[in-house]
Student: 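Before I ask anything, let me first share the structure, which is written out below as structure tokens.
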Amino acid sequence: MKRSELFTKTTKTVPADEAALNAKLLIRAGYVHKEMAGVYAYLPLGLRVLEKIKSIVREEMNAIGGQELLMTNLQPKAVWETTRRWDDDIVDIWFKTKMQNGEELGLAWSHEEPIMNMLRDYVHSYKDLPVAVYQFQTKLRNELRAKSGIMRGREFLMKDMYSVHATKEDLDRFYNETIEAYKRIYDRLGIGNLTYVTFASGGAFTKFSHEFQTICEAGEDWLYLDRERNVAVNEEVLDEATEELGLDKSKLEKLRSAEVGNIFNFGTDKAEQMGITFTDQDNTQKPFYYGSYGIGVTRVMGVIAELFSDDRGLVWPDNIAPYRVYLVNIGDNPEVLSRTQEVYEALQANDIDVLWDDRSVRPGEKFADGDLMGIPHRVVVSEKTMANDNLLEYKGRTDEQAVNVSLEDLVKKLTD
RNA sequence: CGGGGUGUGGCGCAGUUGGUAGCGCGCCGCGUUUGGGACGCGGAGGUCGUCCGUUCAAGUCGGAUCACCCCGACCA
């Protein structure tokens, strides 16, 4: 992609209506556009980041047997009445609307009930089990107050997976496999070393659920961490969990964290409430065991933006940067331009995402833009570099000093 | 939903005791520039969130309303 063709612009001025660092940077760099409080549009750069995060999540979900699908945003009232969760006193974040004939509809804040209801049509026997399905879906939640930029919106993108099983043991097995898959996801997203599996409040069926909490000053949760045993507990279940797990409360470290994932073991509750059963081997009707597993995709993006930024702007991990290389030509000397073109094509030929800042603006502006956008690798072509054995100037986003490399070595470095 | 704050060109802001709107950035044109967000000259762009009221006169005063932000409560 050439920078001159990218319609979004960067800006030096900080938006006045944002306090959250992630929103300030993402808006300034042209990743997101604020539609209204808690509602953000994803522009080409932002969408590329989201898609890269999704690819990682998708690979890991597929690896444990998840089948991707796409549920709907419009949801029938009846499905939610079976678990009493249509009631605004029980779920207070509903967006609801009506059809022309007056029939009430819900706008998806979760898909737990609709997924179960859908599975009812296809899963009838123990032979069909287990099943795990997942989607990337927009969730709409009528939060009293939106805050923290894209970390907590009224509209956000979530990966939600659901699994149904014939036995408790099988659900437990899958639940644990999912925990491992989630760890791999956070590792690949570059936040693995800051992310902890955390005990949090459960539901009716289990005492605790598990959250994945990333240590982050901008988070809204408090995490109590036992570094020695590598166990973390959410503040909301601190007393119960420390007792249950035999932790020494005085040794726990209290840290700000952001919830980047949450998984629930529902047992058979949901299936019982909804009256959904399968025929087991012994020809009796039994309710499914049901688990649900969420990752807030847009929230993760916000957390990463917060965690890795510096005073010059965003700093994306290589894996999810919208482009990996920010290519800069200095000056419009035809030889420099044709050399830059050559580098541009070589990178593309090796499947390295490159954004070429081909504008005829001063070098400082290009450097500042590349830094603000958080592109991990910067490559410069100029008369100076060409005079220097035709080497390229390379600088990592967080490097102090640039170094000279050949095109071959650059490609090698970026494809290893 | 309780408390606090803010709405003025695209963005960030100023605007005195009420007298008919200005600055920086950005944008357009011309020229000079080109290794960390250049400079000169010339331009375009605003019924001051909205409505009602007070007044000869409202960005400015009063009321209502909407939106946005922060703190709290709540939440993936």
Side-chain angles (χ1 to χ4, degrees), chain A residues 8-20 23-24 27-30 33-39 89-94 108-112 137-161 182 198 200-201 209-214 219-221 234-236 257-264 292-303 311-313 326 328-333 336 357 359-373 378-388 393 395 400 402:
Chain A
T8 54
K9 304 285 187 287
T10 59
T11 175
K12 276 187 279 190
T13 49
V14 181
D17 62 347
E18 294 285 2
K24 286 179 182 170
I27 289 170
R28 284 185 54 210
H33 174 258
K34 186 184 203 167
E35 283 292 318
M36 53 180 152
V39 181
D89 292 332
I90 292 176
V91 173
D92 62 3
I93 46 153
W94 267 116
W109 66 277
S110 161
H111 289 81
E112 279 164 4
Q137 249 290 10
T138 299
K139 306 291 184 199
L140 303 163
R141 298 189 180 181
N142 201 348
E143 300 280 1
L144 239 37
R145 183 184 162 203
K147 59 187 282 196
S148 307
I150 65 167
M151 288 172 65
R152 178 169 171 189
R154 296 196 167 92
E155 174 173 333
F156 60 94
L157 186 67
M158 187 172 174
K159 184 285 300 179
D160 43 328
M161 180 169 72
Y182 271 35
T198 307
S201 59
S209 71
H210 289 96
E211 288 175 347
F212 291 78
Q213 292 277 356
T214 304
E220 297 178 32
D221 289 326
N234 191 302
E235 186 167 49
E236 63 191 16
S257 64
E259 180 185 335
V260 292
N262 197 185
I263 60 179
F264 293 93
S292 116
Y293 318 84
I295 291 180
V297 175
T298 42
R299 174 179 284 183
V300 167
M301 177 173 163
V303 167
D311 58 347
R312 296 202 306 270
Y326 201 77
V328 171
N329 63 288
I330 293 180
D332 51 7
N333 174 324
V336 168
D357 195 339
R359 299 171 302 167
S360 44
V361 298
R362 297 163 70 87
E365 190 172 342
K366 297 191 183 190
F367 297 154
D369 262 9
D371 287 346
L372 177 58
M373 287 180 182
R378 188 183 80 193
V379 174
V380 173
V381 179
S382 67
E383 290 177 25
K384 206 162 89 183
T385 65
M386 292 185 68
N388 182 16
E393 183 184 293
K395 182 179 166 303
E400 287 295 321

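Every chain is numbered from 1 and lettered A, B, ... according to where its sequence line falls, protein lines coming before strand lines.
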Student: Do Arg141(A) and Phe156(A) meet the cation-pi criteria used here (NZ or CZ under 6.0 Å from the six-membered ring centre, within 45° of the axis)?
Tutor: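 Relative to the ring axis of Phe156(A), which defines the angle, Arg141(A) lies outside at least one limit.
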Student: Minimum heavy-atom separation for Ile330(A) to Pro363(A), with atom names?
Tutor: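 Smallest interatomic distance, heavy atoms only, reads CG2-CG, 3.8 Å.
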Student: Looking at Ser382(A), is its backbone amide N or carbonyl O close enough to the side chain of Asn329(A) to form a donor-acceptor pair, meaning the two atoms are under 3.5 Å apart?
Tutor: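 Pair absent, no side-chain N/O of Asn329(A) close to backbone of Ser382(A).
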Student: For Ile295(A) versus Val300(A), what's the shortest heavy-atom pair and its separation?
Tutor: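 Closest approach of Ile295(A) to Val300(A), heavy atoms only: CG2-CG2, 4.0 Å.
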Student: What interatomic distance, in whole Å, is found between P of G63(B) and the corresponding atom of G4(B)?
Tutor: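 The same atom, P, in both gives a distance of 15 Å.
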Student: Between Phe264(A) (CZ) and C75(B) (C1'), how many Å, whole number?
Tutor: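 Value for this atom pair: 11 Å.
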Student: Atom CZ of Arg152(A) and atom C1' of A73(B): how far apart are they, to the nearest Å?
Tutor: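 Answer to the nearest Å: 10 Å.
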Student: Without decimals, in angstroms, what is the distance between Asp221(A) CG and C74(B) P?
Tutor: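 Checked: the CG to P distance equals 12 Å.
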Student: Using Watson-Crick or G-U wobble geometry with both distances below 3.5 Å, tell me the partner of G2(B), or none.
Tutor: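 The answer is C71(B), by the H-bond criterion.
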Student: Within this structure, what is the CD-to-C1' distance between Glu220(A) and A73(B), rounded to whole angstrom?
Tutor: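 Glu220(A) atom CD is separated from A73(B) atom C1' by 12 Å.
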Student: Let me spell it out: for each of Asp92(A) and Thr13(A), pick the nucleotide of RNA chain B with the closest heavy atom. Which residue's pick is nearer the 5' end?
Tutor: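 Whichever sits nearer the 5' end wins; that is Thr13(A).
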Student: Paired with G24(B) by Watson-Crick or G-U wobble geometry, both distances under 3.5 Å: which nucleotide is it?
Tutor: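 Base partner found: C11(B).
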Student: Expressed as a whole number of Å, how far does the C1' atom of U60(B) sit from that of G19(B)?
Tutor: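 Each nucleotide's C1' atom is 11 Å from the other's.
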Student: Could you tell me how far apart Phe367(A) (CZ) and G35(B) (P) are, to the nearest whole angstrom?
Tutor: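 In whole Å, G35(B) P and Phe367(A) CZ are 9 Å from each other.
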Student: List the residues meeting side-chain contact (heavy atoms from CB on, under 4.5 Å) with Thr10(A), not counting sequence neighbours, and say none if there are none.
Tutor: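 With sequence neighbours excluded, Thr10(A) shows a side-chain contact (heavy atoms from CB on, under 4.5 Å) to Arg3(A), Asp369(A), Leu372(A), Met373(A), given in chain and number order.
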Student: Considering every strand and a 4.0 Å limit on heavy-atom distances, what is the contact class for Glu211(A): base, sugar-phosphate, or nothing?
Tutor: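 If one applies the 4.0 Å heavy-atom cut-off, Glu211(A) turns out to touch nothing in the nucleic acid.
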Student: Measure the distance from NZ on Lys24(A) to C1' on C11(B) and round it to the nearest whole Å.
Tutor: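 Rounding to the nearest Å, NZ of Lys24(A) and C1' of C11(B) are 15 Å apart.
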Student: When rounded to the nearest Å, what value does the distance between P atoms of A44(B) and G29(B) take?
Tutor: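 Those two atoms are separated by 15 Å.
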Student: In whole Å, what separates the C1' atom of G49(B) from that of U8(B)?
Tutor: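 10 Å, rounded to whole Å.
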Student: Between A38(B) and U34(B), how far is it from one C1' atom to the other, in whole Å?
Tutor: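 Each nucleotide's C1' atom is 8 Å from the other's.
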Student: Please tell me which of the listed nucleotides, G36(B), G35(B), C75(B), lies nearest to the side chain of Asp371(A)?
Tutor: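 Of the candidates, G36(B) comes closest.
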Student: Name the pairing partner of U65(B), where a pair is Watson-Crick or G-U wobble with both distances under 3.5 Å, or state none.
Tutor: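 Result: G49(B).
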Student: Check every strand shown and say whether Val361(A) touches a base, only sugar-phosphate, or nothing at a heavy-atom separation below 4.0 Å.
Tutor: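 The answer is base, as Val361(A) lies within the cut-off (heavy atoms under 4.0 Å) of a base atom.
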Student: Using purine N1 to pyrimidine N3 plus N6-O4 or O6-N4 for Watson-Crick, or N1-O2 and O6-N3 for G-U wobble, both under 3.5 Å, which nucleotide pairs with C41(B)?
Tutor: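 Paired with C41(B), as far as the under-3.5 Å criterion goes, is G29(B).
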Student: Expressed in angstrom and rounded to an integer, what is the separation of Glu236(A) atom CD from C74(B) atom P?
Tutor: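 Distance check: Glu236(A) CD to C74(B) P gives 10 Å.
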Student: Under 4.0 Å between a Lys/Arg side-chain N and an Asp/Glu carboxylate O for Lys384(A) and Glu393(A)?
Tutor: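 So Lys384(A) does not pair with Glu393(A) through a salt bridge.
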Student: Each nucleotide N or O in nucleotides 66-72 of chain B that has a protein N or O under 3.5 Å away: list the pair and distance.
Tutor:
| unit_1 | atom_1 | unit_2 | atom_2 | d |
| --- | --- | --- | --- | --- |
| C68(B) | OP1 | Ala37(A) | N | 3.1 |
| C68(B) | O3' | Lys34(A) | NZ | 3.3 |
| C69(B) | OP1 | Lys34(A) | NZ | 2.8 |
| C71(B) | OP2 | Arg145(A) | NH2 | 2.5 |
| G72(B) | N7 | Arg145(A) | NH1 | 3.2 |

Student: Using atom C1' in both nucleotides, what's the gap between C28(B) and G18(B) to the nearest angstrom?
Tutor: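 The same atom, C1', in both gives a distance of 36 Å.
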Student: Which atoms of nucleotides 37-40 of chain B (N or O only) lie under 3.5 Å from a protein N or O atom, and what are those distances?
Tutor:
| unit_1 | atom_1 | unit_2 | atom_2 | d |
| --- | --- | --- | --- | --- |
| G37(B) | O2' | Lys12(A) | NZ | 2.8 |
| G37(B) | N1 | Asp369(A) | OD1 | 3.0 |
| G37(B) | N2 | Asp369(A) | OD1 | 2.9 |
| A38(B) | OP2 | Arg362(A) | NE | 3.1 |
| A38(B) | O4' | Arg362(A) | NE | 3.3 |

Student: To the nearest Å, how far apart are Asp357(A) CG and G35(B) P?
Tutor: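 The answer, rounded to whole Å, is 15 Å.
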Student: Over all heavy atoms of both residues, which pair between Gly149(A) and Ala23(A) is shortest? Give the atoms and the distance, please.
Tutor: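 That closest heavy-atom pairing would be CA-CB, 3.8 Å.
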Student: In whole Å, measure the gap between the P atoms of A14(B) and U6(B) for me.
Tutor: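 Roughly 10 Å separates the two P atoms.
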Student: When all nucleic acid strands are considered with a 4.0 Å heavy-atom cut-off, which category describes Thr385(A): base, sugar-phosphate, or nothing?
Tutor: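 Touches a base.
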Student: For a quick test of reading the model, state the closest non-hydrogen atom pair linking Glu155(A) to Thr138(A) and the distance between them.
Tutor: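 Taking Glu155(A) first and Thr138(A) second, the nearest heavy atoms are CG-CG2, 3.4 Å.
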Student: Have Gln213(A) and Thr198(A) got a donor and an acceptor in their side chains that come within less than 3.5 Å?
Tutor: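 No - no donor-acceptor pair under 3.5 Å links their side chains.
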Student: Within the structure shown, what part of the strands sits under 4.0 Å from Lys139(A) by heavy-atom distance: base, sugar-phosphate, or nothing?
Tutor: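 No contact at all - Lys139(A) keeps every heavy atom at 4.0 Å or more from the nucleic acid.
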Student: Give me the distance, rounded to whole Å, that separates G7(B) from C51(B) when you measure between the C1' atoms they each carry.
Tutor: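 About 15 Å, rounded to a whole number of Å.
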Student: Between Glu383(A) and Gly153(A), just flag the one whose closest nucleotide in RNA chain B comes earlier from the 5' side.
Tutor: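 It is Glu383(A) whose nearest nucleotide is closer to the 5' end.
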Student: Aromatic rings Phe212(A) and Tyr182(A): how do their planes relate, parallel, tilted or perpendicular, breaks at 30° and 60°?
Tutor: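 Taking Tyr182(A) first and then Phe212(A), their aromatic rings sit tilted (interplane angle of 30° to 60°).
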Student: Please examine the side chains of His111(A) and Lys139(A), heavy atoms only from C-beta on, and report whether any two atoms are closer than 4.5 Å.
Tutor: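 With C-beta onward as the side chain, the pair touches.
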